[in-house]
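Report on the following structure.
Naming: A, B, ... by sequence-line order, numbering from 1 per chain. These values consider heavy atoms only, across backbone and side chains, with no hydrogens, waters or symmetry-generated copies.
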Amino acid sequence: MSVFSPVFFERPVLLVARDLLGAQLIRIQNGVRLSGTIIEAEAYDGEQDLACHARSGHTPRNEVMYGPAGHAYIYFTYGMHWMMNVVTGETGYPAAVLLRGLLPTEGLDIIASQRKGQSDKLWCNGPAKLTRAFSIDGLFNRADLCDPFGDLRLEIGAKIPEDNVEKTPRIGIQNTPEPWRSLPWRFLVKQSGIQRK
DNA sequence: AGCACGATTAACT
DNA sequence: GTTAATCGTGCTC
């Protein structure tokens, strides 16, 4: 498969989040190719979105969100977890897609070893689980996900028809005020065979 | 300088 | 259902 053009990511974050369903996340780890199909993603849209890390303006942590689309925004939270996002929209406008769920397709033995003791259904069904399974951390912050030779990149995958896309409010933002807390900005592939929780 | 909390997970009652 | 783990970030004093 081939990587996306940056133009794909320069569109509004809601469109990119929906269209990333079915795409492939690729991680080359010690020369081994790991991959998975994106089956869950959330949109975070600008400084006015009070659930978005850009809600308090430009800071050192969220700086990459203001940069060019198609790059990785990876941050550390809860003292132990890494989360991976894809920067979208025009340069200067802070928006990103949080990757929340994958269906692993290549490198299953390596993924299993990095998710020790867990059933295959639980390998990548959470934002911090998939970064652990794919060995993704802050070193990949700012990585160009459109680089066909990058060790972390996105590749075009199956198109998911509209009737197979589920939309719900975003997860883990219970302290965010309305209307943002309830906006249906979480996108999932129905019948992916992966349990949600 | 201090503090509350976080786009979570796994283990435990 | 509840809670510990564990620390960077942003806000208040």
Rounding to a whole Å, what distance do you find between A:Ile74:CD1 and B:dA7:P?
16 Å
Please confirm whether the backbone N or O of A:Asp144 pairs with a side-chain atom of A:Asp147, one donor and one acceptor, at under 3.5 Å?
no
OP1 or OP2 of B:dA7 versus the side-chain N and O atoms of A:Arg186: is any pair under 4.0 Å?
no
Base partner of B:dA7, which must satisfy Watson-Crick or wobble distances under 3.5 Å:
none
Less than 4.5 Å apart, any side-chain heavy atom of A:His71 and any of A:Val86?
no
Without hydrogens or angle criteria, can the side chains of A:Thr37 and A:Thr105 be said to hold a donor-acceptor pair below 3.5 Å?
no
If you look at every strand shown and take non-hydrogen atoms under 4.0 Å, does A:Arg132 touch a base, only sugar-phosphate, or nothing?
nothing
Can you measure A:Gln118 atom CD to B:dT8 atom P for me and round it to whole angstrom units?
17 Å
With a non-hydrogen cut-off below 4.0 angstrom, is A:Ala128 in contact with a base, only sugar-phosphate, or nothing?
sugar-phosphate
For DNA chain B, whose closest nucleotide is more 5', that of A:Lys129 or that of A:Tyr75?
A:Tyr75
Mark yes or no: A:Arg11 above the aromatic ring of A:Phe8, with NZ or CZ under 6.0 Å from the six-membered ring centre and no more than 45 degrees from the axis.
yes
Protein-nucleotide distance (A:Asn125, atom CG; B:dA10, atom P), rounded to Å:
8 Å
CG of A:Asn175 versus C1' of C:dG10: gap in Å, rounded?
15 Å
Using a strict 4.0 Å threshold on nitrogen-to-oxygen distance, state whether A:Arg132 and A:Asp137 make a salt bridge.
no
For nucleotides 3-9 of chain C, give me one character per nucleotide, 5' to 3': B if any protein heavy atom sits under 4.0 Å from the base, S if the only such contacts are to the sugar-phosphate, - if neither.
--BBB-S
Across the strands shown, which category fits A:Arg115 at heavy-atom distances under 4.0 angstrom: base, sugar-phosphate, nothing?
sugar-phosphate
Worked verdict on A:Phe187 versus A:Glu42 for side chain to side chain contact (heavy atoms under 4.5 Å, CB included)
CA-CA 6 Å; A:Phe187 301 85; A:Glu42 286 177 354; over 6 Å; no
Over how many whole Å does the gap from A:Tyr73 atom OH to B:dA7 atom P extend?
9 Å
With a 4.0 Å limit, can you tell me whether A:Asn85 has a side-chain N or O closer than that to the phosphate oxygens OP1/OP2 of B:dA7?
no
Fit a plane to each ring of A:Tyr66 and A:His58, take the angle between them on a 0 to 90° scale, and name the class: parallel (under 30°), tilted (30 to 60°) or perpendicular (over 60°).
tilted
For atom CZ of A:Arg100 and atom P of B:dT9, their distance in whole Å
7 Å
Rounded distance in Å between the P positions of C:dT3 and B:dC5:
16 Å
With both distances under 3.5 angstrom, what nucleotide forms a Watson-Crick or G-U wobble pair with C:dT6?
none
In whole angstrom, give the distance that lies between atom CG of A:Asp49 and atom P of B:dA7.
11 Å
Please pick, from B:dT9, C:dG10, B:dA10, the nucleotide with the shortest atom-to-atom distance to any side-chain atom of A:Ser56.
C:dG10
Using atom P in both nucleotides, what's the gap between B:dA4 and C:dA4 to the nearest angstrom?
16 Å
Are A:Arg61 and A:Phe76 in a cation-pi contact, defined as NZ or CZ under 6.0 Å from the six-membered ring centre and within 45° of the axis?
no
Have a look at A:Leu98 and say if it touches a base, only the backbone sugar-phosphate, or nothing, with a 4.0 Å heavy-atom cut-off.
base
